[in-house]
Amino acid sequence: MGDDGDVGAGVTSVANANYAPDCRRPATAPPRARTTPRRALRQVIKFSGRLKETLAHEVQGLRQTTRHREKSPLVARAGPAQHAGARPRTSREELRQLWRKAIHQQVLLNRMERENARITERVRSGERVMYAEMPPCAADVKTGWRQMIDGWRSGARVHADDLEELVFRGVSIRSRADVWQLLVYHHRLHHSPPSVEHVDNYDASYLQLIKQLTSFQREILTDLGRTFPHHPYFRSPFGSGQLELFNVLKAVSLLDPELGYCQGLGFIAGILLLHMPEQESYELLKHMLFALELRKQFMPDMSPLQIQMYQFSRLVHDHHSELYDHLERYEVSPMLYATPWFLTLFSSQYPIGFAARVFDLILLLGLEAVFKVSLALLDVHQEELKKLQGMEDIMEYIKTEMPQLGQASAQQVFKKAVELDIGRQLLSYEVEYHVLQEEVLASPSHADSDLNKLGAMNQNLKRQVMDLLQQLQTSNDQVKSLTERNKALESRAAQLEAQRSDLVTFVRYLSLHTPDRLAIPQPFQRYLADQAEPAGSVARDPLNCAVFEPGPAARPRRDRPLPRSSSVDCD
């Protein structure tokens, strides 16, 4: 681009656009030889005095005032003509160098901006998806996803069986955002739109919502630091991750004031933000809330969550009856351990790679996937759970040991989950729950007591959910704090041990050189007995005064007692 031919072509285009009447050759002029780019440049510079000023304006970006002309390096040194008001002239070579420099710098600037954008996006994407796949995605599955996504974008038809097979086999981290968009498209293509007549702001854009104020601002701000506190993207207080999370949660609370904000939504929105921008995360979260009916389990009365707990309890009874009896013996109900699984979709307790894999299945199968994964988890760990005795031990194992899944265990869990067929059972158990509720309400003798009992259970459930989430965050903070404190105590213990060793050596030094003046305290006599040096060894002065032989010959040369100070004169 810095070639003379390119420079001449660029200058010629400017001259033809702005100064065509001035540079036009008379019709009677004799024919001339073919004009080269270098010759064209000379002609433009020769016939256009105004072109020089135009080029200077293009490069400098402003019209020079008289004061600026005097300071410009393009203007010739002041002479009599300049003081008389004559226009400063720029030589041909200076103009050519200036034009080359401007083009070269613009090219470099464009390249730097593109490279900076690529580096920023690469670093940001790497910071977001900083987790391990659980289980890892095979190479042929990654190739299949690339081909399906490319075909979908080009307008090709996506077959449901092929899509389901690929989702069951796994999804790679890099293609997960595109796969989620494809699953949303597939769901909208095969299902009717959700009923949103009661939601006034459903059609409001994301940018309109985040410009408004929400009454749930305090609750959202309080939970920002509790959402993935150890992940680099959400770790910084009010950093880019927390700000995007706040915007998404605020938009959801304004979208549906009846739902507002509920603890657990932050973890779901956080998983989405790790894979896609905030506006796309908001749209996907809205799809999950309304189209996949995730909204109902976050409603203030939490009655749908009670139905889900009843369904899950019946499923555990049917598929793992021995485990169900063992848990019931110690009063460990699904309400105690499965509530965070359903409210946060496993994202609050389990690794991010595991939760993201659950999201893949939810976007394909709906909330039925949560039941499948929960049953598979209990199936994989049922032998260990049966060995535990007592409610505390069982709950501790479910909260701390089960989330520590390896790749083999995670692969086994998802393999069992996709093999389960529980759709009809879920429908029958939901009908069963409603029938039982109607019978309870129809009984006049127990109607009031049962209603009060259900109300108390509802309040207790809410309190347990809040306590469990709070305990989770508190435990994570305590573990981090105790780890840091343990390191500090170990460092302090090493320092104290070094000081004790120096003091013992110093006391031994004093006992060897001033036996008639110093009475050794009892604790130091014990240390001297424990750390007695062999006879004839060389004792080292801890104050770096000298290396001496023990005995009378090594006594310091002084007639006065040792001064009470931190230093000793070893002369």
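Counting begins at 1 with the first residue of the sequence.
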Student: Have a look at Val179 and tell me which of Leu363, Leu364, Val171 forms a side-chain contact (heavy atoms from CB on, under 4.5 Å) with it.
Tutor: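 Of all the options given, the one that passes is Val171.
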
Student: Does Arg176 form a salt bridge (Lys or Arg N to Asp or Glu O under 4.0 Å) with Glu133? I'd like the steps, not just the answer.
Tutor: CA-CA 11 Å; Arg176 179 156 276 145; Glu133 292 180 349; 6.0 Å; no

Student: Verify side-chain contact (heavy atoms from CB on, under 4.5 Å) between Tyr282 and Leu272, making sure each step is shown before the conclusion.
Tutor: CA-CA 8 Å; Tyr282 163 77; Leu272 301 180; over 6 Å; no

Student: Just checking His275 against Tyr131, ring centres under 6.0 Å apart?
Tutor: yes

Student: Can you tell me which residue pairs pass the ring pair (Phe, Tyr, Trp, His ring centres under 6.0 Å) test with a partner in residues 402-421, sequence neighbours excluded?
Tutor: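 Sorted pair list: Phe354-Phe414.
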
Student: Should the heavy atoms of other residues, nucleotides or ligands under 6.0 Å from OH of Tyr330 be counted, would the total exceed 12?
Tutor: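 Yes - once you tally the heavy atoms of other residues, nucleotides and ligands closer than 6.0 Å, there are more than 12.
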
Student: Taking Glu293 first and then Lys296, would you say they form a salt bridge - that is, a charged N and a carboxylate O separated by under 4.0 Å?
Tutor: yes

Student: Where is the tightest heavy-atom contact between Arg357 and Phe168, given as atom of each residue plus distance?
Tutor: NH2-O, 3.0 Å

Student: Under 6.0 Å from the CD atom of Glu419, do we count more than 12 heavy atoms belonging to anything else shown?
Tutor: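 It does: Glu419 CD has more than 12 such atoms within range.
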
Student: Out of curiosity, His159 NE2 to Leu166 CG, how far, rounded to the nearest 0.5 Å?
Tutor: 12.5 Å

Student: Could you tell me whether Glu432 and Arg314 have a side-chain N and a carboxylate O separated by less than 4.0 Å?
Tutor: yes

Student: Would you confirm whether Thr344, through its side chain, and Phe267, through its main-chain N or O, come within 3.5 Å as a donor-acceptor pair?
Tutor: no

Student: Can you confirm whether Leu343 sits close enough to Ile268 that some side-chain heavy atom of one is under 4.5 Å from a side-chain heavy atom of the other?
Tutor: no

Student: Answer whether the closest heavy-atom distance between the side chains of Gln349 and Trp341 falls below 4.5 Å.
Tutor: yes

Student: Looking at side-chain heavy atoms only, is the closest gap between Ser175 and Lys142 below 4.5 Å?
Tutor: no

Student: Where does the angle between the aromatic ring planes of Tyr185 and Trp152 fall among parallel (under 30°), tilted (30 to 60°) and perpendicular (over 60°)?
Tutor: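 Because their plane-to-plane angle lies in the 30° to 60° range, the rings of Tyr185 and Trp152 count as tilted.
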
Student: Check this for me: does any side-chain nitrogen of one of Lys487 and Glu484 sit under 4.0 Å from a carboxylate oxygen of the other?
Tutor: no

Student: Between Gln425 and His319, is a side chain to side chain donor-acceptor pair (under 3.5 Å) present by the stated rule, with each step listed?
Tutor: CA-CA 11 Å; Gln425 290 177 294; His319 291 267; 3.2 Å; yes

Student: side-chain contact (heavy atoms from CB on, under 4.5 Å) between His434 and Glu430: does it pass, once the steps are laid out?
Tutor: CA-CA 6 Å; His434 289 296; Glu430 184 177 0; 3.9 Å; yes

Student: Determine, using ring centers only, whether Tyr261 and Phe298 are less than 6.0 Å apart.
Tutor: no

Student: If the plane angle is over 60° it's perpendicular, under 30° parallel, otherwise tilted; pick one for Phe290 and His198.
Tutor: tilted

Student: Can you check salt bridge (Lys or Arg N to Asp or Glu O under 4.0 Å) on Asp178 and Arg153, steps first, answer last?
Tutor: CA-CA 10 Å; Asp178 296 329; Arg153 288 176 175 173; 2.8 Å; yes

Student: Pair Phe342, Leu367 - check side-chain contact (heavy atoms from CB on, under 4.5 Å), show working.
Tutor: CA-CA 9 Å; Phe342 283 80; Leu367 292 181; over 6 Å; no

Student: Would Gln311 and Ser313 count as a side chain to side chain donor-acceptor pair (under 3.5 Å) if you check the C-alpha gap in whole Å, the side-chain angles of each, and the deciding distance to 0.1 Å?
Tutor: CA-CA 5 Å; Gln311 291 173 311; Ser313 178; over 6 Å; no

Student: What orientation do Tyr310 and Tyr433 show, parallel under 30°, tilted 30 to 60°, or perpendicular over 60°?
Tutor: tilted

Student: Per the side-chain hydrogen bond (donor to acceptor under 3.5 Å, both in side chains) rule, which among Glu322, Glu328, Arg329 passes with His326?
Tutor: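 It is Arg329, the one option of Glu322, Glu328, Arg329 that forms the side-chain hydrogen bond (donor to acceptor under 3.5 Å, both in side chains) with His326.
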
Student: Where does the angle between the aromatic ring planes of His190 and His186 fall among parallel (under 30°), tilted (30 to 60°) and perpendicular (over 60°)?
Tutor: tilted

Student: Under 4.0 Å between a Lys/Arg side-chain N and an Asp/Glu carboxylate O for Asp140 and Arg169?
Tutor: yes

Student: Looking only at heavy atoms, what is the nearest atom pair of Gly170 and Trp145, with distance?
Tutor: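 Closest heavy-atom pair between Gly170 and Trp145: O-NE1, 2.8 Å.
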
Student: State, with a plain yes or no, whether a side-chain heavy atom of Asn201 is found less than 4.5 Å away from one of Asp256.
Tutor: no

Student: Under the side chain to side chain donor-acceptor pair (under 3.5 Å) rule, what do Asn110 and Gln106 come out as? Steps first, then yes or no, please.
Tutor: CA-CA 6 Å; Asn110 294 337; Gln106 186 62 37; 3.2 Å; yes

Student: Can we say Glu384 and Lys387 salt-bridge, meaning some charged N sits less than 4.0 Å from an Asp/Glu carboxylate O?
Tutor: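 Salt bridge flag = no for Lys387 with Glu384.
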
Student: Within a radius of less than 6.0 Å around OH of Tyr202, do more than 12 heavy atoms belonging to other residues, nucleotides or ligands occur?
Tutor: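 It does: Tyr202 OH has more than 12 such atoms within range.
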
